[in-house]
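Atoms considered below: every heavy atom in the structure, side chains included; atoms not considered: hydrogens, waters and symmetry mates. Just follow the structure's listing: the first ligand is 1, and inside any ligand the first atom is 1. Since this is a predicted model, take the numbers as computed values, not measurements.
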Amino acid sequence: MANSSRAPGRSRRLRTALVVSAAVGLLATAGAVVLPGSASAASTLGASAAERGRYFGTAVAVSRLNDSAYTTILNREFNQVTAENEMKIDALQPNQGQFNYGNADRLVQHARNQGMQVRGHTLAWHSQQPGWMQNMSGTTLRNAMLNHVTQVATHFRGQIAWWDVVNEAFQDGSSGARRDSNLQRTGNDWIEAAFRAARQADPNAQLCYNDYNIDNWNDAKTQAVYRMVQDFKSRGVPIDCVGLQSHFTGGSNYPSNYRTTLSSFAALGVDVHITELDIRNAPSDAYRNVVNDCLAVARCKGITVWGIRDSDSWRSNESPLLFNGSGQKKPAYDAVLAALNSGTPPPTGNPTTPPPTGNPTTPPPAGSCTATVTPGQVWGDRYNTSVTVSGASTWSVVVAITAPQRVSSTWSGSFSWDGSGNIMTVRSNGSGNTFGFTTMMNGNSSARPQIRSCTAG
Ligand code: XIL
């Protein structure tokens, strides 16, 4: 129960104040921390995935947030969301230069209130373009596309964990070629140009290439996307992840080499995400296999299903989701939860392991600083923490959050997260030496953030 006593109020705050300096950070943390124990049987998809350092999310149609049956399941089960349509180009920029963020912002706010991570979908795509863009070509289109990427990624900066920067740019079938589209006709480098613009606009978001029919390792399309990612990595094009939509609907099936595909992409040095999962008739076996395959690949960061109830699905006639139209759990739900629960929690750092012994030839660590935690206000579902740094005016502090807890808002620092969302790096951003953040408890009311290190400079 992390370094906290349970007494409320001011005395508790004083007793739980924690001072860790960089030099003794590991040891001090080690003494104070109780890490999550062995695999437990979490009772929701999101909580179970979080215990394994992952997320379990869903596509959300913002209009359905008014349906309480829908929202009850969403808030209970999922810790990640993707806008089903509301962050597409036609939704965000219906007329050139006129941006319409209302529905997307509503989803981001909902996610924030619930401590859910948001996948942005999607900045550049041949489909769901507004009419004005469909009619463009050449340099005019290229510039309009880059402007869209820049404006949208800037608007959502700090709120989006992963962007699908480019969606569906390859052809199906045996050609391994790019898909023909107005964007492709602006030049083969349109994809990397989009990634570069996105990185510049939101340096903390993870940038993904997303596609369907790249699940079977033997498919020409899979191989072609693999070669593009390999090329991007070798040339320093900023790409962090590959999203496999994994629509096993509309005639495409779960392939037995799916795990090979996930691990092969991961071996290129990118994370992999299963971004739009749905499976015709929701067979428990295929759903279980997808979860097991993701859990077997360390860089598989999470799974998003493409809707909550069958009645919400874009392919509702195939009943491909985990809840039926009445919101009841289907057998596939039980299979997914059981598979998640039997997965091994990720290594969390062993509190009894001493820090590596100093190597006399290794230069001393960069200047040290001291990070002092002051617990803040506590509500039923969340709590605030502030951290004051002394000993340096520019610094970087690493803070570990115990899953399923999630940071939902931040202030007075520049915040970034590792792929699991549990390790947060906070850099000074010129707004003083005290930063703060709100953490959603998500069912764990006792854990508290742990300082891992404080580095000056
Ligand atoms: C679909 C939505 O689910 C539908 O509501 C919409 O009419 C069309 O788009 N690949 C994608 C998603 O990347 O954006 C698509 O979503 C499904 C296929």
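Residue-level proximity to ligand 1 for N85 is carried by the side chain, the only part with a heavy atom below 4.0 angstrom. Contact annotation for D164 and ligand 1: no heavy atom of the residue comes within less than 4.0 Å of the ligand. Only the side chain of W125 comes within 4.0 Å of ligand 1, counting heavy atoms alone; its backbone N, CA, C and O stay farther away.
At least one side-chain heavy atom of D310 sits less than 4.5 Å from a side-chain heavy atom of K330. You'll find the side chain of N79 stays beyond 4.5 Å of the side chain of N442, heavy atoms only. Residues P130 and N95 form no side-chain contact, since every pair of their non-hydrogen atoms from C-beta on lies 4.5 Å or further apart.
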Just do the salt bridge (Lys or Arg N to Asp or Glu O under 4.0 Å) check on R259 and D293 with the steps written out, would you? CA-CA 5 Å; R259 191 179 298 190; D293 290 343; 2.8 Å; yes
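Ligand-side atoms of ligand 1 in range of W314: 1 (C), 3 (O), 17 (C), 18 (C), range being under 4.0 angstrom from any heavy atom. Those atoms of ligand 1 that come under 4.0 Å of a heavy atom in N167, given as number and element, are 11 (C), 13 (O).
For the pair H121 and ligand 1, the shortest N or O to N or O distance falls below 3.5 Å. Any N or O atom pair closer than 3.5 Å counts here, and W306 shares at least one such pair with ligand 1.
Distance alone, capped at 3.5 Å, is enough to place a donor-acceptor pair between the D202 side chain and the N204 backbone.
Across Q128, M87, K88, heavy-atom proximity to atom 16 (O) of ligand 1 is greatest for K88.
When hydrogens are left out, the protein atom nearest atom 2 (C) of ligand 1 is E84 OE2, 3.4 Å; that is the closest non-hydrogen contact. The nearest protein atom to atom 11 (C) of ligand 1, hydrogens excluded, is given as E276 OE1, 3.0 Å; this is a heavy-atom distance.
The shortest non-hydrogen separation linking L65 to T71 is O-OG1, 3.0 Å.
The cationic group of R448 lies under 6.0 Å from the six-membered ring centre of Y383 and within 45° of the ring axis, placing it in a cation-pi geometry.
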